[in-house]
Amino acid sequence: MVKKTHVSTTINGETAEFLCEPRQSLLEILRDTLELTGSKEGCNNGNCGACTVLMDGLPVNSCLVLAVEAEGATITTIEGIAEQAHLHPLQQCFLENAALQCGICTPGFIVAAKALLDRNPKPTEHDIRFELAGNLCRCTGYDKIVRAVQDAAAALEGKH
Amino acid sequence: MKDIEYAAARSVDEAVGLLAARGDKARILAGGTDILVQLREGLRDADLIVDVKKIPELVGLSHDAKRGLRLGASTPCYRIYRDAKICAAYPALADAARIIGGWQIQSRASIGGNLCNSSPAADSIPALIAHDARCVIAGPSGRRTVPVAEFCTAPGRNVLARGELLVTLEFPPVGDGEGARYLRFIPRNEMDIAVVGAGVWVKLNAAKDTIAAARIGLAAVAPTPLPATEVGAWLAGKPATAATFAEAGDRARRLAKPISDMRSPAEYRLHIVGVLVTRALAGAVDRARGIVIGHSPNGQEH
């Protein structure tokens, strides 16, 4: 077996260190080593977006990042989206719009939608559909997800 | 994925040394969006992954109106379409960068990686051909330059020899009256591999009513990305009108040699390549005239 590598990162605002084999994805380490199981493995090849996390502020498929590449990076997972005990407006609006059914895609959608709203606080429906094209949902037909993101954008605008 | 070693090279020389020593058992890691899938699925094999994203020369872009654009080979796609100056000067490149996968892919995937993966359906390569980009390649015996139009040799294969590494892509400076457009057709709205892709660059005369020069690159209609050189040459001196665009589409159709596969029958690709060349030419001419057109991938919206 190949020697393990020591990796030091910041995950959801806290320092996180782990040992990994070079072949292991960031998703594997998040789920199996760090027990952050909110990020889901859907396709494991970059199509579905269920494993989306923010890496240095950018949405990435954590299945297509080697864990060794996360050295020095700042990572936000779905576990880091809520503010203490308060759901993030995106999470609240997903609940209120029933924008999920089986829930496997939901963490990836919420993390990607957070990246979208951080960049573009007033997205059009077209913007939302285009920017979230890297996240697949097989239950909702997407309309409820789009409405949830629109509502979250409005809620966030009201807060500022 | 099987056990593998990882090395993050800090310089071009270090990367070349690692690649030369390990030959085809070493693979370059840029954004990883192709290679990690290929290693996992057994489509390619490697004992060593050489991460090139910590080599300063390979990451970032520098643009100068007089010298043109130098694009580090492993610069992620989003850096291109978030840069208003690059979008204005090299719009076909920006069109392609915006539709390679979704945002998650574009945060990591690079134009250099898309080129080195050498898929006949690669979205960036027709745009690179249209913009007349050149590859700066480093290897054990120094550096050489190869036009993108001559880089790919077969599906998944290219001119890179043992120990060689794509360092930068160089684009010529852009003058007045130039415009470019990349369009692809897919059955979905986003996130799919091209059924056909067409990249077009034009330069208009001073009155902006005649095409002075044109270059066209096509995707997914031949074993490699196809420079439609004859069509570009035919366009020189022609009026910039819908009839010209349509005839260029017909001529592109006659150059294309597509196959039938899971994405499309060959006959459909032959039809679509004419449609896309016609539309991409119209879009490139619009841009050359200073008309702002949107980034819808199939050219039907906006």
Side-chain angles (χ1 to χ4, degrees), chain A residues 1-5 7 20-28 42-73 108-109 111-116 118-120 126-136 142, chain B residues 1-8 26-27 29-43 45-54 74 76-79 81-82 98-110 113 186 188-193 294-298 301-302:
Chain A
M1 200 174 76
V2 176
K3 202 175 79 173
K4 287 196 174 185
T5 303
V7 176
C20 68
E21 296 171 41
R23 65 173 183 83
Q24 287 184 292
S25 70
L26 176 61
L27 177 63
E28 275 180 79
C43 64
N44 210 31
N45 64 19
N47 271 289
C48 79
C51 65
T52 302
V53 302
L54 303 183
M55 188 167 177
D56 296 327
L58 289 168
V60 299
N61 294 314
S62 59
C63 74
L64 292 186
V65 178
L66 293 178
V68 289
E69 293 182 82
E71 172 65 39
F109 263 105
V111 171
K114 172 144 191 327
L116 167 63
D118 286 349
R119 252 202 87 69
N120 179 0
H126 181 270
D127 292 340
I128 294 168
R129 290 185 186 272
F130 185 81
E131 299 295 358
L132 299 183
N135 294 81
L136 300 185
Y142 299 103
Chain B
M1 197 192 297
K2 70 166 199 179
D3 278 346
I4 199 160
E5 291 172 72
Y6 168 90
R27 289 282 170 188
L29 174 72
T33 56
D34 285 312
I35 192 65
L36 295 180
V37 177
Q38 290 162 355
L39 291 171
R40 213 170 268 158
E41 295 179 356
L43 299 172
D45 181 41
D47 295 331
L48 171 69
I49 283 177
V50 180
D51 189 346
V52 295
K53 292 189 295 297
K54 297 194 170 73
S74 62
C77 285
Y78 82 94
R79 294 276 303 270
Y81 62 77
R82 291 272 167 78
R98 203 178 263 123
I99 58 172
I100 294 174
W103 192 3
Q104 291 93 330
I105 297 292
Q106 293 153 14
S107 296
R108 296 257 298 162
S110 61
I186 55 174
R188 295 164 63 183
N189 285 333
E190 315 298 340
M191 285 287 289
D192 207 349
I193 292 170
H295 61 79
S296 82
N298 59 15
E301 299 164 52
H302 301 280

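The chains referred to below are lettered A, B, ... by the order of the sequence lines, with proteins before strands, and numbering in each begins at 1. Everything quoted here is computed from the prediction, not taken from an experiment.
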For A/Leu66 and B/Tyr6 the tightest heavy-atom approach is CD1-CD1, 4.1 Å

Between A/Val68 and B/Asp51, is any pair of side-chain heavy atoms under 4.5 Å apart? no

When every non-hydrogen atom of B/Gln104 is compared with those of A/Ala112, the smallest separation belongs to NE2-CB, 3.9 Å

Between the CG atom in B/Asp3 and the CD atom in A/Gln24, the distance rounded to the nearest 0.5 Å is 9.5 Å

Taking all non-hydrogen atoms of both residues, which atom of B/Met1 and which atom of A/Arg23 are closest, and how far apart? O-CD, 3.0 Å

How many angstroms lie between atom CG of A/Leu116 and atom CH2 of B/Trp103, to the nearest 0.5 angstrom? 6.0 Å

For chain B, which candidate among A/Gly108, A/Gly46, A/Ala133, A/Gly49 shows the most heavy-atom pairs at distances under 4.5 Å? A/Ala133

Kindly compute the distance separating CG (B/Asp192) from CG (A/Asn47), expressed to the nearest 0.5 Å. 8.5 Å

Please classify the contact of B/Leu39 with chain A as side chain, backbone, both or neither, using a heavy-atom distance under 4.5 Å. neither

Distance in Å, B/Gln106 CD paired with A/Leu58 CG, rounded so as to fall on 0.5 Å steps: 11.0 Å

Quick one: what part of A/Asp56 sits under 4.5 Å from any heavy atom of chain B, side chain, backbone, both or neither? neither

Give every residue pair that meets the salt bridge (charged side-chain N to carboxylate O under 4.0 Å, His left out) criterion with at least one member in residues 60-73 of chain A, sequence neighbours excluded. A/Glu69-B/Lys53, A/Glu69-B/Arg108

Could you tell me which non-hydrogen atom of A/Val65 sits nearest to which non-hydrogen atom of B/Leu36, and how far apart they are? N-CD1, 4.3 Å

Would you name the heavy atoms of B/Arg40 and A/Ser25 that are closest together and state the gap between them? NH2-CB, 3.9 Å

Comparing A/Asn45, A/Val53, A/Asn61 against chain B, the one with the most heavy-atom pairs below 4.5 Å turns out to be A/Asn61

Non-hydrogen atoms of chain A under 4.5 Å away: do they reach the side chain of B/Ile49, the backbone, both or neither? side chain

Any non-hydrogen side-chain atom of A/Glu21 less than 4.5 Å from a side-chain atom of B/Ile4? no

Tightest non-hydrogen contact, residues A/Pro59 and B/Ser107, listed as O-OG, 2.7 Å

When only pairs under 4.5 Å are counted, which of B/Lys54, B/Glu5, B/Arg82 shares the most heavy-atom pairs with chain A? B/Arg82

